[in-house]
Protein chains: 2
Amino acid sequence: MRPGTPEQEWREDCAPRRVMELFTTKWTSMILHTLHARHDGAARHGVLHRSLPGISKKMLTQTLREMEESGLVSRHVEQVVPPAVEYRLTPLGERFVEPVELLYAWGRDNADALDALTPRATSRRG
Amino acid sequence: MRPGTPEQEWREDCAPRRVMELFTTKWTSMILHTLHARHDGAARHGVLHRSLPGISKKMLTQTLREMEESGLVSRHVEQVVPPAVEYRLTPLGERFVEPVELLYAWGRDNADALDALTPRATSRRG
DNA sequence: CCGTATCCCTTACGATACTG
DNA sequence: CAGTATCGTAAGGGATACGG
């Protein structure tokens, strides 16, 4: 940026800021990736639960509900006993998994940089 | 992922998960980008404050302190009156601005997808 | 200008127990 | 299996006033 550039970045409703804020929810991005990583783009509740060590059933359900409201995933209930519920990325979800995968790949390829970080930077919650 | 793939992703200390969790702090990524976007890679407190509409002085200072502890930024005090304090990306900060820029660019280029999202997805906090 | 110091409230999140 | 229902805590974060 040149010296004279106006300081008006990060308007509260600008697109980049909204993307960043998507990640302020702890589990959303990890759920998106997990669904994306599966061969059929879908996963049942239990599979997601086992894929995300540390998540409680409460948070998993709650986050999935929010993602459904947001249009990122769809929910399909199989009427059998015991019940089987499947979650699947929507087309919108497929769009949003793109930036998630960018971050995922960066993390995978830069573990050393992460190790150099003071612990507190990545352990605020959890 | 093939059907037989083990479900063991997202270990609690794996690199990708730690990257994701970096973004769970509201302002860190925006500060990183703002510093990166400036021609000299540095900015004073007041500049950052004006660049981030909505942030309080308290949160700005607090976040900068945490980033300093984490080794992402360095802090330089000019002993003048009124005081002038400058923040600058460290080499480690330069590394971490990479994924931030990836997200920033994605947001800039996909504003339409963001508009398609239900509002609540990006307005949990703030 | 660059902070600190309080005060206060909301929420995110986890633990646990219970249900069809 | 896939949820609800409660309860509880800690952290995030804003508002405001004051200080060097």
Side-chain angles (χ1 to χ4, degrees), chain A residues 7 10 12 17 20-31 34-35 42-70 73-88 119-126, chain B residues 7 10 12 17 20-31 34 42-70 73-88 120-126:
Chain A
E7 296 171 0
W10 296 119
E12 296 187 296
R17 178 155 168 177
M20 305 296 186
E21 291 181 351
L22 253 185
F23 288 82
T24 58
T25 299
K26 183 171 180 177
W27 301 104
T28 305
S29 54
M30 289 188 266
I31 292 175
T34 304
L35 291 175
R44 290 176 57 176
H45 182 102
V47 169
L48 291 171
H49 195 228
R50 282 187 296 279
S51 298
L52 274 43
I55 196 172
S56 63
K57 284 193 295 185
K58 172 190 166 183
M59 282 314 297
L60 178 54
T61 299
Q62 179 180 312
T63 308
L64 284 168
R65 289 285 190 282
E66 292 171 359
M67 293 172 70
E68 195 187 359
E69 278 184 61
S70 301
V73 302
S74 56
R75 181 171 177 268
H76 307 276
V77 182
E78 280 276 320
Q79 288 292 2
V80 294
V81 278
V85 181
E86 194 179 71
Y87 294 92
R88 183 177 297 276
R120 84 185 308 286
T122 54
S123 62
R124 321 285 277 297
R125 315 184 217 207
Chain B
E7 297 170 358
W10 296 122
E12 296 187 296
R17 178 156 168 177
M20 305 295 185
E21 291 180 350
L22 253 184
F23 288 84
T24 59
T25 299
K26 184 170 180 177
W27 301 104
T28 305
S29 54
M30 289 189 267
I31 292 175
T34 303
R44 292 177 54 177
H45 181 102
V47 169
L48 292 171
H49 195 228
R50 283 186 295 278
S51 298
L52 274 42
I55 197 173
S56 63
K57 284 193 297 186
K58 171 190 168 184
M59 283 312 300
L60 178 53
T61 299
Q62 181 179 310
T63 307
L64 285 167
R65 288 287 188 282
E66 292 171 0
M67 294 172 69
E68 194 186 1
E69 278 185 61
S70 302
V73 301
S74 57
R75 180 169 176 270
H76 308 276
V77 183
E78 281 277 319
Q79 290 291 4
V80 294
V81 279
V85 181
E86 194 179 70
Y87 295 92
R88 183 176 298 275
R120 87 184 304 287
T122 52
S123 61
R124 320 283 276 296
R125 313 182 218 212

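Just so it is clear: chains get the letters A, B, ... in the order the sequence lines come, proteins before strands, and each one is counted from 1.
- Looking at the side chain of A:Arg50, the nearest of the listed nucleotides C:dG3, C:dC2, D:dC1 is D:dC1.
- Taking only side-chain nitrogens and oxygens, B:Tyr87 comes nearer than 4.0 Å to OP1 or OP2 of C:dG3.
- Side-chain N/O atoms of B:His45 include one lying less than 4.0 angstrom from OP1 or OP2 on C:dG3.
- Listed nucleotides D:dG14, C:dC2, D:dA2 differ in distance to B:Lys26; the shortest reach to its side chain belongs to D:dG14.
- Although no hydrogens or angles enter the test, the distance criterion places a donor-acceptor pair under 3.5 Å between the side chain of A:Arg17 and the main chain of A:Trp10.
- In this structure, the nucleotide among C:dC13, D:dG13, C:dG3 sitting nearest to the side chain of B:Thr25 is D:dG13.
- Proximity note for B:Lys58 (side chain, C-beta onward) versus C:dA5, D:dA2, C:dC13: the nearest is C:dA5.
- The side chain of A:Val85 sits closest to D:dA2 out of D:dA2, C:dC2, C:dC1.
- Under a 3.5 Å cut-off, the side chain of A:His49 and the backbone N or O of A:Leu60 do not form any donor-acceptor pair.
- The side chain of A:Pro82 has D:dC1 as its nearest neighbour among C:dT4, D:dC1, C:dC1.
- Judged by closest nucleotide on DNA chain D, A:Pro83 is the one of A:Pro83 and A:Arg65 placed further toward the 5' end.
- No donor-acceptor pair under 3.5 Å is formed between the side chain of B:His76 and the backbone N or O of B:Val85.
- Side chain of A:Arg88 to main chain of A:Ala42: no donor-acceptor pair is present (N/O by atom type, distance under 3.5 Å, no hydrogens or angles).
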